[in-house]
Amino acid sequence: MIMMDSKSSVKKQKIFTPIFLLSALITGVFSVFSLISPDTLSNNMTFIQSLFATQYGWVAMIIPVFCMMLLVVLGISRYGNIVIGGENAKAEYSIFSWISMLFTASIGIGIIYFGVNEPIYAYILSPASTQAPSVMEAAREAMGTALYHWGVSVWAIFSVAGLVMAYFVSKHKIRYLPGDVIEKSFGKRKWVPITKSFMNILAVVCSAMTIAATLGLGSVQITTGMNQVINIDNSYSTILPYLVLILLLIVCLFASTTKTVGKGMDIIGRWNVYLAIFMLAFAMFFGPTRYILNQVVQLLGTFIDQLIPRNFDMFLFSLDPTYSTTWDVANNMWWISWTPFMGVFIASISKGRTIRQFAFTTMTIPVIFMLLWHAAFGGVALLDKVLGTGKIAQFALENPDMTFFAILQTMPWPKLTAIATIILLIMFISTTVTSAALSLARMTDIEGKEAAPVRSAVWVILMTVIALTGIFATTLGGNEALNSIKSLATTLSYPYLFFFILMITGFIKQLMKDKPPV
């Protein structure tokens, strides 16, 4: 069991804690704003993002590199032997189950949407591609950019977030609250109490908005897939996203309140990965196999070649010097917005894991899978753009929810694979929302320990309502509704970025102070 305390029945837990009420109120106000005036919210958030990105975008670019370096240094040093939960702690889950839960709770849903669209966007927009001397070089750079956005830098950020929280929770018995890391690391300095409180509230609101945006976008994509399978009449298609969200709400409510949540997350996480591997194998076997395998080899070379330089490229002297801030920086900040709840979730399932496993397992296995996925699906989309009809690329630009299903149309049994994709999306979303609700329930507990079922259910409902407002506003003509929620989450991640740096600094300080065994 990953998120429930065995002593929860000893005393009655307070459900509506001050931090819960305040963070829920702030989240609710933002969601109402996104419904009433999504364009205004989106424009304001984009303006704020541009200000932050212009001044501090360089920090967002360096953070993934620093996280990678920190993990490598810790992994090869004596600190790598530290076991989360104590020297004699036993791992609750196998490596495969552990990675599966991390994968499905974080970037799983994104591989269906961005895994096929990112190479097209990079090919059309990235200076590395648009200013390349040849089409071949442009395509190669585009694939490298797509994998950079979804590769090792993402997992380095998540791994460090989880490692910091897991270390302090297990070693120093703090609450599952990011601000408590600051309090433990920096003691009773005058700025600590206000920083701690503000950080905790910001972490909760940022996480709730991030998952709500993901839930809304995922529901729209599921609707697109269902239209492909059963060709729903237009009169019913407008209500379909709501029905999908209600279905997801029921699934997530059950998953987040059941007493066997740990076992359930383990099972769903593994089956998510099984189905994703099946879809990948299907594409490699029934798609342009030789091209995909060649793309795997070439993309691996591009990845190795760009592993360090790509993280430092700000495109200062390109024809579009704003690309770095509008794409690379924004992408890194989107992942930063996931770190509050991902840190709590990873910490809760990582008992018995060593720092060395954090360092090397999380930065290798998921990245290898992403490389294969991008080559198989994103590579096919790019092939159609460069040498094919361009229809798939047109979907990526005009109807990106349809791109993945358009690729499946080029392979045998498209309806069956579309059904498999819908199931995969439902499981990905359910796992993400459930893990987020459980993390938020802990983060808003007065003791930071108990993921009370009622509180978990309230967060599921609240995130679903936010997603509903976004979809509803979209049907009224507010096309920026869901994007405004995502833009808000990204904007909130900018101040949280500096708290994240403070957490890492405190972690290094505390690690050296604790003097681990040789």
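- No more than 12 heavy atoms of other residues, nucleotides or ligands sit less than 6.0 Å from atom CZ of F47.
- Pairing each heavy atom of Q295 with each of G379, the nearest pair is NE2-CA, 4.3 Å.
- The ring of Y56 has its center no closer than 6.0 angstrom to the ring center of Y494.
- At a threshold of 4.5 Å between non-hydrogen side-chain atoms, the residues L70 and I508 count as touching.
- The aromatic rings of F286 and F282 sit tilted relative to each other, their planes meeting at an angle between 30° and 60°.
- Applying the ring pair (Phe, Tyr, Trp, His ring centres under 6.0 Å) test to Y496 and every residue at least two apart in sequence or in another chain returns nothing.
- Around the NZ atom of K509, the shell of radius 6.0 Å holds more than 12 heavy atoms that belong to other residues, nucleotides or ligands.
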Q: Using the side-chain contact (heavy atoms from CB on, under 4.5 Å) rule, take E118 and T145 through it: C-alpha gap first, then chi angles, then the decisive distance, then the call.
A: CA-CA 8 Å; E118 281 263 1; T145 297; 5.5 Å; no
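- Side chains of M61 and F312 form no contact here, defined as non-hydrogen atoms less than 4.5 Å apart.
- Aromatic rings from Y274 and F96 are positioned such that their centres are separated by under 6.0 Å.
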Q.
Let's go through D328 and R310 carefully: what are the C-alpha distance in whole Å and the side-chain angles of both, what is the deciding distance for salt bridge (Lys or Arg N to Asp or Glu O under 4.0 Å) to 0.1 Å, and is it a yes or a no?
A. CA-CA 10 Å; D328 291 352; R310 187 64 182 80; 2.8 Å; yes
Q: Check the pair Y123 / K385 against side-chain contact (heavy atoms from CB on, under 4.5 Å), numbers first and verdict last.
A: CA-CA 9 Å; Y123 183 78; K385 169 64 179 176; 4.0 Å; yes
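- Closest heavy-atom contact between A60 and V329: CB-CG1, 3.8 Å.
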**Q.** Step-by-step side-chain contact (heavy atoms from CB on, under 4.5 Å) determination, L74 to R356
**A.** CA-CA 7 Å; L74 291 177; R356 185 166 292 113; over 6 Å; no
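- N272 and S100 share no donor-acceptor pair across their side chains, judged by distance under 3.5 Å alone.
- A side-chain donor-acceptor contact under 3.5 Å links D514 and Q510.
- Between W150 and F369, the distance separating the two ring centers is not shorter than 6.0 angstrom.
- Side-chain contact check for N81 versus T354: every heavy-atom pair is 4.5 Å or farther apart.
- Without hydrogens or angle criteria, D313 side chain to P309 main chain gives no donor-acceptor distance under 3.5 Å.
- Counting only N and O atoms by type, the side chains of S207 and T210 include no donor and acceptor under 3.5 Å apart.
- In this structure the side chain of S159 reaches within 4.5 angstrom of the side chain of L71, judged on heavy atoms.
- In this structure a side-chain-to-backbone donor-acceptor pair under 3.5 Å is present from W335 to H149.
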Q. Given M463 and T27, is the side-chain contact (heavy atoms from CB on, under 4.5 Å) satisfied, shown in steps?
A. CA-CA 9 Å; M463 288 186 289; T27 303; over 6 Å; no
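- The minimum heavy-atom distance linking T361 with P366 is given by the pair O-CD, 3.4 Å.
- Contact check for T195 versus L502: side-chain heavy atoms found under the 4.5 Å cut-off.
- Distance alone, capped at 3.5 Å, is enough to place a donor-acceptor pair between the D384 side chain and the T389 backbone.
- Annotation: side chain of S153 is not in contact with side chain of F158 (no heavy-atom distance under 4.5 Å).
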Q.
Is there a ring pair (Phe, Tyr, Trp, His ring centres under 6.0 Å) between W327 and F315? Walk through the geometry before answering.
A. CA-CA 11 Å; W327 282 88; F315 298 105; over 10 Å; no
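- Two rings, from F114 and Y121, have their centers 6.0 Å or more apart.
- Proximity of S50 to T325: side-chain heavy atoms (C-beta onward) are nowhere separated by under 4.5 Å.
- For the residue pair T322 / D320, a side-chain donor-acceptor distance below 3.5 Å is found, with atom types taken as modelled.
- Taking both residues in full, the closest heavy atoms of A156 and C67 are given as O-CB, 3.7 Å, listed atom of the first, atom of the second, then distance.
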